[in-house]
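Residues take their numbers from the sequence shown, with the count starting at 1.
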Amino acid sequence: MISVFVRLKLSLLRNGLRQSAGRTAVYVTSMVFTLVCAAGLLLGLVLLRGHTQAAAVVVLLTAVLALGWAVAPLFFPGGDETLDPTRLVMLPLRPGPLVRALLVSSLVGIGPLFTLCMAVGAGFALARGAAAVVVAVVAVPLVLLVCVALARAVAAANIRLLTSRRGRDLAVLSGLLIAVGAQVVNFGVQRLTRSGGLAELEPLAEVMRWIPPASALGAVESAGEGAYGEAAAGLLLAVVALAGLLYGWRRSLVRLMTTPDGSTLAAASRPSRRESAAAGGLSGRLWPEGRTGTVMQRSLRYVWRDPKTKAAWVTSLAIGLIVPLFNALQGTGSVYLACVAAGMLGIQMYNQFGQDTSAFWMVAMAIFSTRDAYDELRARAAALLLITVPYVVLVTALTAAILGDWAGLPEALGLSFAVLGAMLGTGAVASARFPYSIPQDSGYKNVAPGQAGLAWMSLLGGMLAAAVLSAPLIGLTVALHVTGAASWLWLVLPLGVAWGALLTWAGLRLAAPRTAERLPEILAAVSKG
């Protein structure tokens, strides 16, 4: 069975590349890039041999690589068709041979090759003496097998989730994980640069060296130092982890192949209308009556349920928090950087109708006048403010607490609210004048073909206008600092709230008649994708 599955994996790869020249070019390019990175990493680890902090670097690299193997199936489930064992449920296969065959076939690919290169380089960097070489010969393949088994076990345990709508939502959010991870790595590199060396890694490495598969490479160092008991314990931990992963993987396969999924089970009985009303009575009373409450609930449901809208919101929330806090933690930040949080969420007001896609026709059918358009836009802005206002207050307060600059909190909040109001107002105008469609058939395209110009005009023009509209309050804050009137800086907070509210109201008033007049054009633009 092992040879059959290896040939199947190669056939799937070959046939996938035959589908289009573009796919072949992307795969070849990614392979070349991966090989270059693997060669560079291998050379770097070889040059690290003999360095006092070599073990710390190797152990942490292995731990990070294992983490990548663990999360990759969750965020890229469509990258490998063989990750889905439910495709084999109709075949008469026993779980034991199936696990062995899938494990060996999983070693075919770019990821396992990169992992093998890193493991070989790590073993060479740490192996000092005959005993360490012997341990390295065992540790290198053990690291590769643990990483591959970890990815397979995670994929098998979550395959029902990954093939559902929530799983697709999770895949859309993969860009967020990459962005956050990049910021964390950048923060760590800056800390190491300021501290002046790799010795800062030693405490963390001492802990991680006992966590598989890093424990296998920690065993190589222990063997080189003559600590054979620690070396045996490290290898034993990796072997136990591999056995546990294979056992969990096998149990997941048995469950997947013997348990019916939701498509074969009868739907749960629906609650009665009285029960539904009783359950939703409290939440229903929390919303304003009429169009405003309805539109606010609809907008917030889009944020929670629509993958594209959810990805945009979560990304904005994360970046708005990361930028001020990470700079504050590094001692190079300012409380004014909290305005980034208001700016990132203010962007969500742009292209409001494009977020509805073709479903906007139902909204258009309920707009008969300028007043209806104003109520629609006002309710959408209110839904955005429901999340944004407490979020901006929280981020600004956290930034001020980390920096110890509580005196700057009122003025930073005032500027944030002014920026937010300017972006809400300009976003409403841009939504009416420059609507564009957001494709739903791709997790990575946010603009329909031919509408990129509209998107750039909407975002860049609106953000430039928001910066200009916020300038009076920014100028006031600078003037109070320059003239030494610091005791009056608290006025920036109420003035910022008032100025932001005025800009929001003015933007909604300007956008409402334009929206009512251009309903057919807006509907055609947002339905294009």
- Message: To the nearest 0.5 Å, what is the distance between CG on Leu150 and CG on Leu67?
- Response: 9.0 Å
- Item | Minimum side-chain heavy-atom gap Trp304-Thr309 below 4.5 Å | no
- Is there a side-chain contact between Arg514 and Arg433, using heavy atoms and a 4.5 Å cut-off? yes
Return a table of donor-acceptor pairs under 3.5 angstrom between the side chains of residues 32-47 and protein atoms on other chains or two or more places apart.
unit_1, atom_1, unit_2, atom_2, d
Thr34, OG1, Ser30, O, 2.7

- Would you mind reporting whether Leu385 and Leu420 have side-chain heavy atoms less than 4.5 Å apart? yes
- Query: Under 4.5 Å between any side-chain heavy atoms of Phe434 and Asn351, yes or no?
  - Reply: no
- From the options Tyr302, Tyr436, Phe353, select the one residue that forms a ring-ring contact (aromatic ring centres under 6.0 Å, His included) with Phe360. Phe353
Acceptor/donor pairs from residues 390-407 side chains to any protein atom, 3.5 angstrom cut, sequence neighbours excluded:
unit_1, atom_1, unit_2, atom_2, d
Tyr391, OH, Leu317, O, 2.3
Tyr391, OH, Leu321, N, 3.0
Thr396, OG1, Val392, O, 2.7
Thr399, OG1, Val395, O, 2.8
Asp405, OD1, Gly408, N, 3.2

- Query: How far does OG1 of Thr370 sit from CD of Glu517, to the nearest 0.5 angstrom?
  - Reply: 7.0 Å
- Rounded to the nearest 0.5 Å, how far apart are OG1 of Thr388 and CZ of Phe417? 10.0 Å
- Message: side-chain contact (heavy atoms from CB on, under 4.5 Å) for Val419 and Ile474? Distances and angles first, verdict last.
- Response: CA-CA 10 Å; Val419 170; Ile474 298 174; 5.5 Å; no
- Query: Where is the tightest heavy-atom contact between Pro112 and Ser106, given as atom of each residue plus distance?
  - Reply: CG-O, 3.2 Å
- Item | Residue pair Cys339 / Leu415: nearest heavy atoms and the distance that separates them | SG-CB, 3.8 Å
- Taking the side chain as every heavy atom from C-beta outward, state whether Trp69 and Val154 have any atom pair closer than 4.5 Å. no
- Ile322 CD1 to Leu325 CG distance, which is reported to the nearest 0.5 Å: 9.0 Å
- Message: Does Asp375 form a salt bridge (charged side-chain N to carboxylate O under 4.0 Å, His left out) with Arg380? I'd like the steps, not just the answer.
- Response: CA-CA 9 Å; Asp375 291 341; Arg380 290 173 182 250; over 6 Å; no
- Message: Rounded at 0.5 Å granularity, tell me how far CG in Leu217 sits from CG in Leu61.
- Response: 10.0 Å
Using atom types as modelled, flag every donor-acceptor pair under 3.5 Å from a side chain in residues 492-508 to any protein atom, sequence neighbours excluded.
unit_1, atom_1, unit_2, atom_2, d
Trp499, NE1, Leu469, O, 2.9
Thr504, OG1, Gly421, O, 3.3
Thr504, OG1, Gly500, O, 2.9

- Closest approach of Leu377 and Ala511, non-hydrogen atoms and distance? CD1-CB, 3.7 Å
- Query: What's the spacing between Met296 CE and Arg291 CZ if we round to 0.5 Å?
  - Reply: 14.5 Å
- Query: Does Trp361 CH2 have over 12 foreign heavy atoms under 6.0 Å away?
  - Reply: no
- Heavy-atom nearest pair, Met208 first then Ala63, reads CE-CB, 3.4 Å
- Evaluate the side-chain contact (heavy atoms from CB on, under 4.5 Å) criterion for residues Arg49 and Leu126: first the C-alpha distance (whole Å), next the side-chain angles of each, then the deciding distance (0.1 Å), finally the verdict. CA-CA 6 Å; Arg49 180 181 176 85; Leu126 298 180; over 6 Å; no
- Is the shortest heavy-atom distance from the side chain of Gln348 to the side chain of Ser316 under 4.5 Å? yes
- Item | Audit row: Val148, Leu144, side-chain contact (heavy atoms from CB on, under 4.5 Å) steps and yes/no | CA-CA 6 Å; Val148 173; Leu144 177 60; 4.1 Å; yes
- Side chains of Arg209 and Ser215: do they bring a donor and an acceptor to under 3.5 Å? no
- Task: Taking all non-hydrogen atoms of both residues into account, name the closest pair between Ala381 and Met349 and its distance.
- Result: CB-CE, 4.0 Å
- Query: Do Arg298 and Thr294 come close enough that some side-chain heavy atom pair is under 4.5 Å?
  - Reply: no
- Distance-only polar pair, side chains of Tyr336 and Ser416, donor-acceptor under 3.5 Å: no
- Message: Which heavy atom of Thr292 sits nearest to which heavy atom of Arg378, and what is that distance?
- Response: OG1-NH2, 3.5 Å
- pair Thr477-His481: side-chain heavy atoms closer than 4.5 Å: yes
- Query: Can you check side-chain contact (heavy atoms from CB on, under 4.5 Å) on Glu376 and Thr515, steps first, answer last?
  - Reply: CA-CA 10 Å; Glu376 177 75 24; Thr515 301; over 6 Å; no
